[in-house]
Each structure stands twice: as C-alpha cells, then as structure tokens.
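For reference, the structure discussed in these notes is given below.
Side-chain atoms are counted along with the backbone in the values below, which use heavy atoms only and exclude waters and symmetry mates.
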Amino acid sequence: MWLALALGMTAAMALVVWFIIQSIYVIGVLCPWCMLTWVVTIPLFVLVVCHVLRSGAVPVPVPMRVRSAAAAAYSWVFIITITIVLLIVVLAQLRLDVLSHL
C-alpha cells in the first residue's frame, strides 16, 4: 500500500511540476487554485517518499545512508516545503514580475 501511495504521489508531483512550468513559462499567469494544489502536494510528496524510504517499504534493498537521509529529511518537511515554495516564488517573480503589478 505504501509503495502504491509513493508511486501515486510521485506521479502527482510530476504533474505539479508540469503545471508550475506551464503556469509560469507558457501561460504566464498564476492560478490561486493551482498554487493551493502545489502547496498541498509538495509536502505530501516529501512526507510519503521519506516514510517509504526510511521504513523499508520499497521492494528493493535501500542503502542505509539513504534510509538515514530520509529519516533526517522527514523531520525537516516544513523547511523543505518552504524552500521549494520560495524557489517557485523566485522563478515566478523573475519570469512574470508579479510584484510590479500589485
């Protein structure tokens, strides 16, 4: 079950990355509902993948250093999420110049 959830979250994260690229670089508009989806999907992806890696729910052997890195990242999910969201904000500001339109 955890592996299926991790695969689903990986697919969701890939879709979110595609939406971010489309929103910022192709369409040129930031959608509030899309951004809400991004803010929810990013931490869920990090949480699920870190849990699967640290618990050993993957059917292939995972090196111990990967497990310990996942365990460490699990407690830093909030900071990782804020960092990723700030990166998206910087990309959007550089491309769309959002602050000048406020």
Side-chain angles (χ1 to χ4, degrees):
M1 180 185 85
W2 279 105
L3 183 59
L5 182 61
L7 290 174
M9 286 309 302
T10 302
M13 188 65 185
L15 191 62
V16 161
V17 168
W18 183 76
F19 283 142
I20 290 169
I21 292 169
Q22 294 299 309
S23 181
I24 293 174
Y25 292 103
V26 177
I27 302 170
V29 175
L30 293 175
C31 166
W33 296 109
C34 297
M35 292 187 292
L36 180 65
T37 304
W38 304 344
V39 170
V40 170
T41 304
I42 293 169
L44 282 176
F45 170 75
V46 175
L47 278 170
V48 169
V49 169
C50 287
H51 175 73
V52 166
L53 289 176
R54 77 182 181 139
S55 69
V58 186
V60 295
V62 178
M64 196 56 181
R65 67 174 186 263
V66 173
R67 284 187 182 192
S68 37
Y74 192 81
S75 60
W76 286 83
V77 169
F78 181 73
I79 301 298
I80 293 169
T81 302
I82 294 297
T83 304
I84 293 171
V85 168
L86 285 177
L87 176 66
I88 295 168
V89 166
V90 168
L91 289 174
Q93 175 59 29
L94 291 175
R95 175 73 173 139
L96 303 175
D97 198 20
V98 176
L99 292 178
S100 69
H101 300 304
L102 294 179

Below 3.5 Å, can you tabulate the donor-acceptor pairs from side chains in residues 23-35 to any protein atom, sequence neighbours excluded?
residue: Ser23; atom: OG; partner: Val29; partner atom: O; Å: 2.6

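Partners of Phe19 according to the side chain to side chain contact (heavy atoms under 4.5 Å, CB included) rule, which considers only residues two or more places apart in sequence or in another chain, are Leu15, Trp38. Contacts of Ala6 classified as side chain to side chain contact (heavy atoms under 4.5 Å, CB included), with partners at least two apart in sequence or in another chain: Val48, Val52. By the side chain to side chain contact (heavy atoms under 4.5 Å, CB included) test, Thr83 is found to be paired with Ile79, residues two or more places apart in sequence or in another chain being considered. For Gln22, there are no side-chain hydrogen bond (donor to acceptor under 3.5 Å, both in side chains) partners, not counting sequence neighbours. Taking Val40 as the reference, Leu44 meet the side chain to side chain contact (heavy atoms under 4.5 Å, CB included) condition, with sequence neighbours excluded.
Considering every non-hydrogen atom in both Thr81 and Pro43, the closest pair reads OG1-CB, 3.4 Å. Nearest approach of Arg54 to Arg67, heavy atoms of both residues: CB-O, 3.9 Å.
A continuous path of hydrophobic side-chain contacts links Ile20 to Ile80 [ILVMFWY only; heavy atoms under 4.5 Å]. A continuous path of ILVMFWY side-chain contacts below 4.5 Å connects Val77 to Val17, so both sit in one hydrophobic cluster. Under a hydrophobic-cluster definition in which Ile, Leu, Val, Met, Phe, Trp and Tyr are linked whenever side-chain heavy atoms come within less than 4.5 Å, directly or via other members, Leu86 and Ile42 are assigned to the same cluster. Under a hydrophobic clustering in which Ile, Leu, Val, Met, Phe, Trp and Tyr are joined whenever their side-chain heavy atoms come within less than 4.5 Å, directly or via other members, Leu96 and Val39 fall into different clusters. Both Ile88 and Ile82 are members of a single hydrophobic cluster when ILVMFWY side chains are connected at heavy-atom separations under 4.5 Å.
Counting only residues at least two apart or on different chains, no ring-ring contact (aromatic ring centres under 6.0 Å, His included) pair has a member in residues 62-90. Counting only residues at least two apart or in different chains, ring-ring contact (aromatic ring centres under 6.0 Å, His included) contacts with residues 45-68 comprise Trp2-His51.
Hydrophobic clustering, defined by side-chain heavy atoms of Ile, Leu, Val, Met, Phe, Trp and Tyr closer than 4.5 Å, leaves Met64 isolated from every other such residue.
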